[in-house]
Amino acid sequence: MTWYDSFLQQLVDGLVLGSFYALVALGYTMVFGVIKLLNFAHGDLYMTGAFAGFGGLSLVSGFLGAGWLGIFVAMLLAMLAVGCLGVVIERVAYHPMLGAPRLSILITALAVSLVLQNAALALTGGQYTAFSTDLGFGGISLGNLFLSYNQIVLVAAAAVLMIALELFVSKTLYGRAMRAVSIDKDMCRMMGINVSAVIAVTFFIGSGLAAAAGTMAGAYYGSIWYFMGFLIGLKAFTAAVIGGIGSITGAMLGGLILGLLESFGTHIPFIGSEWKDVFTFSILILVLVFKPTGLLGKSEVERM
Amino acid sequence: MLLQLKQVSLSFAGNTVLHEVDFGVAAGRIHSLIGPNGAGKTSMFNVITGFYRPQQGDITLDGERIVKCKPHAVTRLGIARTFQNVRLFREMSVLENVMAGQHCRSKAGALAAILRLPSQRAEERRILETSLECLDFVGLMGHQDRLATNLAYGHQRRVEIARALATEPKLLLLDEPAAGLNSGEKQALIELIRRIRDERGVAVLLIEHDMSLVMNVSERISVLDHGSLITEGDPHSVQNDPKVIEAYLGQDDEELAL
Amino acid sequence: MDKHSPPTPTDVDEHDAGRAKPRHPLQKLYAAFESPGRRRALHLTILAILIVTPWISSQYTTVILTNALLYVVLCLGLNVVVGYAGLLDLGYAAFFAVGAYTVGILTQQFGVNFWAAIPFALMAAALAGVIIGGPTLRLRSDYLAIVTLGFGEIVRFTARNLEITGGASGLSHIPEPSLFGWHIDSSIDFYYVFVVLAVLAYIASQRLFDSRLGRAWLYVRHDEDAAEAMGINRVATKLAAYVTGAIFGAIGGIFFSVNLGAISPESFSFQQSVLILLAVVLGGMGKIPGVILGAFIVVLGPELLRDFGTLRLLIFAVLLLLIMLFRPSGIWPEKRS
Ligand SMILES: Nc1ncnc2c1ncn2[C@@H]1O[C@H](COP(=O)(O)OP(=O)(O)OP(=O)(O)O)[C@@H](O)[C@H]1O
Ligand SMILES: [Mg+2]
């Protein structure tokens, strides 16, 4: 393999990874936008989504098969279920805390994360669950570069979801209300916007996207477990921060950048793949320290 | 001059809040800063105390430049302040609130505290004494163990002043200390401001909308309008300055009652 | 001044509200413990119980109690950071790891005497505290939480990837220390070592709380701007809390490593940080007796819930959530808040 081929291969790997990060990062950023909360449980919604997708697939594979169609339907089911879960979490756990000190809300979010994680642990006994599908290993070869159909579909699906979100936010009434709420909640209330409903929709979409990513990851990698949301949650947060937390385009951009950085970064001589996560967290810390607004985020004006 | 501002300008996102302000407070003076709402008075306090960084200009205290100092460093150099909307540590006791002021005049660290070194214990005793003395000075002896938030509003304002005095300042900045006080409390405030200057030798810079209080207590008055100083002088001359009356036009009559 | 004027009626009402009598039975109990006279008696009783216990209980109980005492040290340390200074640290286990690994490496690989290695471990922890805290303590609280989490993971991954730390399997055969000829090796020996550490941590916490620095932490937690206006350097104050917490954590780690004789990266995972945080929140952030209670609950609870298997972690997580929702200031809250 020439350096050029390996460059392309890593580009593809980075895109696949970046798609997952971007989808999960979107949820972080949207929730942060409307209620300024760092939703620690978001990575676990991704994990829950993977299990929901697994459940959905076992449900529909009987008559739809475990191929593309079955997975697609399972993914929609998972998005619906986890979307609702997200709304419930917001109502039950976060909503009563919105006036409380920040520390309390953060710990509450952490508690929600632990509940989801340990519920999955209790259900699976901490074992990996095989996410078996009928997807083959076919693909197209371009010279030395091999693109599997799975990779292509995955990246395309992520792109479609993100474009749909972008359209939703910029074109629909709810989307515009969402942006308005993120700027000034009180003003929105006075203008007669149903702020609670907007927050609920935001949680629904954010959680749904995480579930989509979870199902796709399950189908793509072939196994799922209760702890799969922890690391990706952290990394997606990193992606959201790189892009500028609160910015939807930023989250997509940040996801792709992080995916590519990881994919290329681990092939730098002397930095083996075992340092991959250290590398990511260092980026997170550096970005937060030196450019906390990220690439596309707006700085908050502090007033006395 | 104890405090001197030279050509200080401040703006937020292109919005000019202070424009080339030249301003000074002499040691041992009671000086007032007045002006219509939004004139930039509080912003000027924030610039002086290091909370805002001006785009341009120089600020000195006793000849020492303080313009790039962090707020805590400014306080240590001798400027204390109160806030327009009282900012006590609400869930802490009155005494603890006042003790905060002594922080910059003491130095014991973690190790000294854990080992209870004699120097640390002596320092703690001194902090306590000074704080009680400041509380007594503002007339709140006996309230020290109550939570700040449970105090009547007028008392909270005085705790804030005691806390500022506990930093042992050369200059005390009071941002609308009379807001929300009844007339008896206002009278007491006037006396307190005088005593701060007379008994403690602390210069006072006062922002206030209550003109009778301002005229009564100040030796010098500066008028700020739209971020520029439009005039300065003794109460009598300021009161009769047409520029001042013009600046307040468009304000409601209550404010105009010079 | 109206110093001598009679208090107005509203004033009296508020006065009573400020010193509301405890009504809840639990509050009465806590109030009883807090009265200065009984406090001394209580201290002596607890100390006596701690000293006698290993002689009347099984070795298993002694080992569990030793672990609980370790958690008391760690929790009191994290309490300085989270409870006093209000900084959410999700990577506290990192400092625990720094202490444990520094001593492990120095004693096991370089043959340094255990007691001589301690200052190095403390310095390493303080340094780690400054390195991570220095640039990040200005950040908003949620960013700080994530940064500390990332830092904790970096430390764990680093320990796993380096050779000197023994990689994924960690270090073993860490020699047991001796003190003036007393070879500290049995579980009872270590139990007493941890009793001493816990008592020292308790005294230090109490003294810090009653000091200038302790008050500064509270000021900064309550209102950073007002604290700055009072001449308190917020960054330095937070850093002091962070480093103090780091040192408590390192002390726990130092003795943890010699107690077990073996350490591995998994002892310092995110779950470990969360467990310590859980204890602090459960007991009552900022409240020393509460935090100690929390430490015991977190260690003894799972032992009691042993029959529930993997469910017990879920029970704990739900408990944490319920506490945050219904009693956010913990079981034994700080009276002020
Ligand atoms: N942090 C900030 N960001 C943006 N604009 C600010 C900021 N602080 C103050 N301003 C603006 O500066 C102007 C002056 O405000 P300032 O609070 O200094 O007025 P003031 O003279 O104290 O008024 P008042 O009598 O109502 O207290 C206002 O238009 C205000 O909106
Ligand atoms: Mg003002």
Side-chain angles (χ1 to χ4, degrees), chain B residues 49-51 70-76 80-83 87-93 96-97 99-110 112-116 120 123-124 127 136 138-143 145-147 149-152 155 158 163-164 166-167 184-185 188 191-192 195, chain C residues 1-5 7-8 10-20 80 126 200-201 203-237 240-241 243-245 247-248 286 329 334-337:
Chain B
T49 49
F51 281 101
K70 288 262 161 55
H72 64 87
V74 175
T75 307
R76 179 190 280 273
R81 72 174 290 178
T82 65
F83 292 90
R87 289 195 56 180
L88 290 176
F89 306 109
R90 304 177 43 164
E91 302 299 325
M92 298 176 79
S93 76
E96 282 171 315
N97 265 279
M99 285 167 111
Q102 273 284 299
H103 186 91
C104 60
R105 304 292 169 225
S106 48
K107 57 179 195 297
I114 291 174
L115 300 177
R116 283 262 158 97
Q120 189 259 355
E123 193 181 87
E124 282 292 315
I127 293 174
D136 190 33
V138 302
L140 287 180
M141 208 44 152
H143 293 276
D145 292 329
R146 297 178 53 189
L147 282 194
T149 181
N150 290 340
L151 243 47
H155 285 184
R158 274 192 275 156
R163 186 176 72 172
T167 66
E185 288 172 325
E191 269 169 50
L192 178 61
R195 281 175 53 230
Chain C
M1 304 303 299
D2 57 358
K3 191 168 164 182
H4 304 291
S5 64
T8 60
T10 66
D11 210 70
V12 173
D13 280 353
E14 285 166 353
H15 202 99
D16 284 348
R19 295 181 176 165
V80 170
L200 289 181
I203 294 174
S205 287
Q206 193 72 57
R207 289 183 169 185
L208 281 170
F209 186 73
D210 292 330
S211 76
R212 162 186 182 269
L213 189 58
R215 287 190 301 271
W217 289 330
L218 299 190
Y219 299 140
V220 170
R221 183 182 84 201
H222 283 296
D223 187 336
E224 293 198 6
D225 289 324
E228 275 276 335
M230 288 304 108
I232 296 166
N233 181 341
R234 64 177 122 185
V235 176
T237 305
V243 171
T244 307
I247 289 191
F248 273 69
S329 41
E334 244 262 279
K335 64 175 180 298
R336 282 191 261 263
S337 37

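Small disclaimer: the values here were computed from a predicted structure and weren't measured. Numbered from 1 within each chain, the chains take letters A, B, ... in sequence-line order.
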Quiz item: So His143(B) and His155(B), would you call those rings parallel, tilted or perpendicular, with 30° and 60° as cut-offs?
Solution: perpendicular
Quiz item: So which of Ala229(C), Ser211(C), Gly214(C) has the biggest tally of heavy-atom pairs under 4.5 Å with chain B?
Solution: Ala229(C)
Self-check item: chain C contact via Gln102(B) - which portion, at a heavy-atom distance below 4.5 Å
Solution: neither
Exercise. Considering only heavy atoms and a distance below 4.5 Å, find which of Asn233(C), Ile247(C), Leu213(C) pairs most often with chain B.
Key: Asn233(C)
Quiz item: With only heavy atoms counted, which part of Ala80(B) is less than 4.5 Å from chain C, the side chain, the backbone, both or neither?
Solution: neither
Exercise. Tell me, for Thr167(B) versus chain C, whether the close heavy atoms (under 4.5 Å) come from the side chain, the backbone, both or neither.
Key: side chain
Quiz item: Can the positive tip of Arg81(B) be found less than 6.0 Å from the middle of the six-membered ring of Phe83(B), inside 45° of the ring normal?
Solution: yes
Quiz prompt | Carboxylate-amine/guanidinium proximity below 4.0 Å for Asp225(C) and Arg234(C) | solution = yes
Exercise. Sort Ala204(C) into side chain, backbone, both or neither according to what part of it lies under 4.5 angstrom from a heavy atom of chain B.
Key: both
Quiz item: If you measure from OG on Ser106(B) to CD1 on Ile127(B), what distance do you get to the nearest 0.5 Å?
Solution: 3.5 Å
Exercise. Name the member of Ala226(C), Ala227(C), Ala216(C) that forms the most heavy-atom pairs with chain B at distances under 4.5 Å.
Key: Ala226(C)
Quiz item: Does the pair Arg215(C) and Glu124(B) meet the rule for a salt bridge (charged side-chain N to carboxylate O under 4.0 Å, His left out), with working shown?
Solution: CA-CA 11 Å; Arg215(C) 287 190 301 271; Glu124(B) 282 292 315; 3.1 Å; yes
Quiz prompt | pair Val74(B)-Lys70(B): side-chain heavy atoms closer than 4.5 Å | solution = no
